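To start, the structure itself, in structure tokens.
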Amino acid sequence: MQLGDFLKEFILSRPDVKPATLEVWQQPCRNLIEYFGADKQLRKVTVGQCDQFKAWLNTQGLAAATLAKRLAFARTFFHTARKHKFIDENPFAEIKIPHANVSARQRFIDRETTQKLLDHANPTWRTIIALCRFGGLRCPSEVLSLEWRHIDWEAKRITVISPKTERYDGKGSRVIPMYPELHHYLQEAHELAEPGQTHVVGAGYLNSAQGPNGWRSCNLRTSFGKLIKRAGLEPWPRMFHNLRSSRETELLDKYPLHVVSEWMGHDAKVALKHYAQITNDHLESATQSSTDTREHYAQKTTQQDTEEYGEVRRENSEMPIKIEVCETSLEETEPCIMILRRGRDSNPRYGFPHTAFPVLHNRPLCHLSRIIRSTFFLRIVNSRNRFVFTHKNWWEKL
């Protein structure tokens, strides 16, 4: 089997691969044919020649990420040849693929920058930007595939159709919440929608994207780059991806990793490697003293609890009382008190970063897991930085 025939018959003619993916595969195929020749026999490709191919590819002016992808594709192609018994071993298996610096192409697009873009955008582009930045949708595939029937206004849920992951079982769609930041722009788009318009983003964008090469022909990136310049901003790398990445970074600060990964439609490892970013807020909060951070956190939590539970009773101290809801398995009707002190030991599995000293009717509990089951209890933080658990009828006791 010759290299040219193998790439044409077994790689670029696969019926299960989308046209856009085949177009991407054509680039490493051209590199292989240009270096080895189309009549090169697969069995005569050695590890040394593959290493020389890597060195030659490094002289073609490719970015580090592109170089890594081309080598990874070449390794995959020869792995397919080994499965078809055209070769005994994969010569690219011993070639070390350089790791691209993912963080070098990441940019966190803050709310101020996003607002500048929205102020200079027309209604259609406001919807596209909002879906990417506040909804975390992939652009263009998920943004242009979203229809009005996928939005549940009463339940505030959005069913996102994902053409990129539809080939995986159960990954063709996912349900995300209608975030408050996104709700306004979806309402605006719904009011301005033309009669009979089925998709959220109209104006023929979906039809223009359905070319022979799939989503690669919709040309949204060029228009978005012009919009960024009109807003007086400098275009950043991976313009749409960084909007989605910025949204995921915000969500990771508020929700667990597995929840955010499900909403964004990818694996948790992918989220940490390609999406999670370090923002200026992270750096600034880390430089604050522990006292300032504790007071700021307590003040913020008290404000949130007051909105949910009403005014909270306070002690004669500058430190306000903090109330949180937790779960226990205690079935006794007598009030239960548990004191937690700050310490090095922690129990992150149950969300309590403190050393626990539980007491139940003057009898110690063996482990924290014995009381975290079903019934709702409330945790109170007093000014002395100690944590007290009380029974659910604590309000009547006060």
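The structure presented is a predicted model; accordingly, all values stated were derived computationally and were not measured.
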Taking a hydrophobic cluster as the set of Ile, Leu, Val, Met, Phe, Trp and Tyr residues connected by side-chain heavy atoms closer than 4.5 Å, whether directly or through intermediates, do Ile161 and Trp263 fall within one such cluster? no
Are side-chain heavy atoms of Trp125 and Leu220 found at a separation under 4.5 Å? yes
Same apolar cluster: Val175 and Met178, side chain cutoff 4.5 Å: no
I need the His199 NE2 to His150 NE2 distance, nearest 0.5 Å. 7.5 Å
Has the side chain of Arg244 got a donor or acceptor atom that lies under 3.5 Å from a matching backbone atom of Gly136? yes
Check this for me: does any side-chain nitrogen of one of Glu234 and Arg107 sit under 4.0 Å from a carboxylate oxygen of the other? no
Only one of Arg43, Arg82, Lys83 passes salt bridge (Lys or Arg N to Asp or Glu O under 4.0 Å) with Asp88, and that residue is Arg43
Neighbour count above 12 (heavy atom, 6.0 Å) for Asp16 CG: yes
Is there a donor-acceptor pair under 3.5 Å between the side chain of Ser245 and the backbone N or O of His241? no
Quick one: is the NZ or CZ of Arg133 closer than 6.0 Å to the six-membered ring centre of Tyr185, and within 45° of its axis? no
Linked, directly or transitively: Ile128 and Trp236 (ILVMFWY side chains, under 4.5 Å): yes
Does CD belonging to Glu94 count more than 12 external heavy atoms closer than 6.0 Å? no
Report the distance from atom CZ of Phe73 to atom CD1 of Ile11, rounding to the nearest 0.5 Å. 11.0 Å
Using the rule given for side-chain contact (heavy atoms from CB on, under 4.5 Å), can you reason through Phe53 versus Leu71, listing the C-alpha separation, both sets of side-chain angles and the distance that settles it, and then say yes or no? CA-CA 9 Å; Phe53 170 75; Leu71 290 174; 4.1 Å; yes
All heavy atoms of Cys132 vs all of Val143, minimum pair found to be SG-CG2, 3.9 Å
What do you reckon, is CD of Glu262 surrounded by more than 12 foreign heavy atoms closer than 6.0 Å? no
Does Arg70 reach the side chain of Gln60, with side-chain heavy atoms less than 4.5 Å apart? no
Once you round to the nearest 0.5 Å, how far does CD of Glu147 lie from CZ of Arg149? 4.0 Å
Checking the side chain of His184 only, and the main-chain atoms of Pro180 only, is there a donor and an acceptor separated by less than 3.5 Å? no
Check whether any side-chain heavy atom of Pro98 sits under 4.5 Å from a side-chain heavy atom of Lys54, and report yes or no. yes
Approximate separation, where rounding is to 0.5 Å, of Ile109 CD1 and Leu233 CG: 8.5 Å
Are Leu12 and Met1 connected in the hydrophobic side-chain network, where two residues link if heavy atoms are under 4.5 Å apart? yes
Does the side chain of Glu250 reach to within under 4.5 Å of the side chain of Phe108, using non-hydrogen atoms? yes
Take Asn242 and Gln277 through the side-chain contact (heavy atoms from CB on, under 4.5 Å) test and state the conclusion after the steps. CA-CA 10 Å; Asn242 277 317; Gln277 301 186 44; 4.0 Å; yes
Beyond-backbone contact of His266 with Arg138, side-chain heavy atoms, under 4.5 angstrom: yes
On the 0 to 90° scale, with breaks at 30° and 60°, tag the Phe224-Phe240 ring pair as parallel, tilted or perpendicular. parallel
Worked verdict on Arg111 versus Phe134 for side-chain contact (heavy atoms from CB on, under 4.5 Å): CA-CA 10 Å; Arg111 297 298 180 92; Phe134 301 135; 3.9 Å; yes
Gly265 and Thr165 have their tightest heavy-atom pair at O-CG2, 4.3 Å
Would you indicate whether the side-chain heavy atoms of Pro123 and Arg126 approach each other to under 4.5 Å? yes
Do Asp110 and Thr113 get their side chains close enough for a donor-acceptor pair, meaning under 3.5 Å? yes
Closest heavy-atom pair and its distance - Arg174, Leu137: NH2-CA, 4.4 Å
For a 4.5 angstrom cut-off between non-hydrogen side-chain atoms, does Leu186 reach Ile151? yes
Neighbour count >12 (heavy atoms, 6.0 Å) for atom NZ, Lys164: no
Atom pair NZ (Lys44) and CD1 (Ile87), whose distance is rounded to the nearest 0.5 Å: 15.0 Å
Is the number of heavy atoms from other residues, nucleotides or ligands within 6.0 Å of CD (Gln115) greater than 12? yes
Looking at every heavy atom in both Phe92 and Leu32, which two are closest together, and how far apart are they? CZ-CD2, 4.1 Å
Tell me the closest heavy-atom pair linking Ser13 and Glu9, and the distance in Å. CB-O, 3.6 Å
Does the Arg247 side chain pair with the main chain of Met264, one donor and one acceptor, at a distance under 3.5 Å? no
Taking a hydrophobic cluster as the set of Ile, Leu, Val, Met, Phe, Trp and Tyr residues connected by side-chain heavy atoms closer than 4.5 Å, whether directly or through intermediates, do Leu131 and Trp153 fall within one such cluster? yes
A quick test of your reading: do over 12 heavy atoms of other residues, nucleotides or ligands sit less than 6.0 Å from NZ of Lys69? no
What's the spacing between Thr127 OG1 and His190 NE2 if we round to 0.5 Å? 12.0 Å
How about Glu142 and Leu146: do any of their side-chain heavy atoms sit closer than 4.5 Å? no
Run the side-chain contact (heavy atoms from CB on, under 4.5 Å) check on Phe6 and Thr80 step by step: do they pass? CA-CA 10 Å; Phe6 166 73; Thr80 303; 4.2 Å; yes
Heavy-atom closest pair, residues Ala81 and Leu42: CB-CD1, 4.1 Å
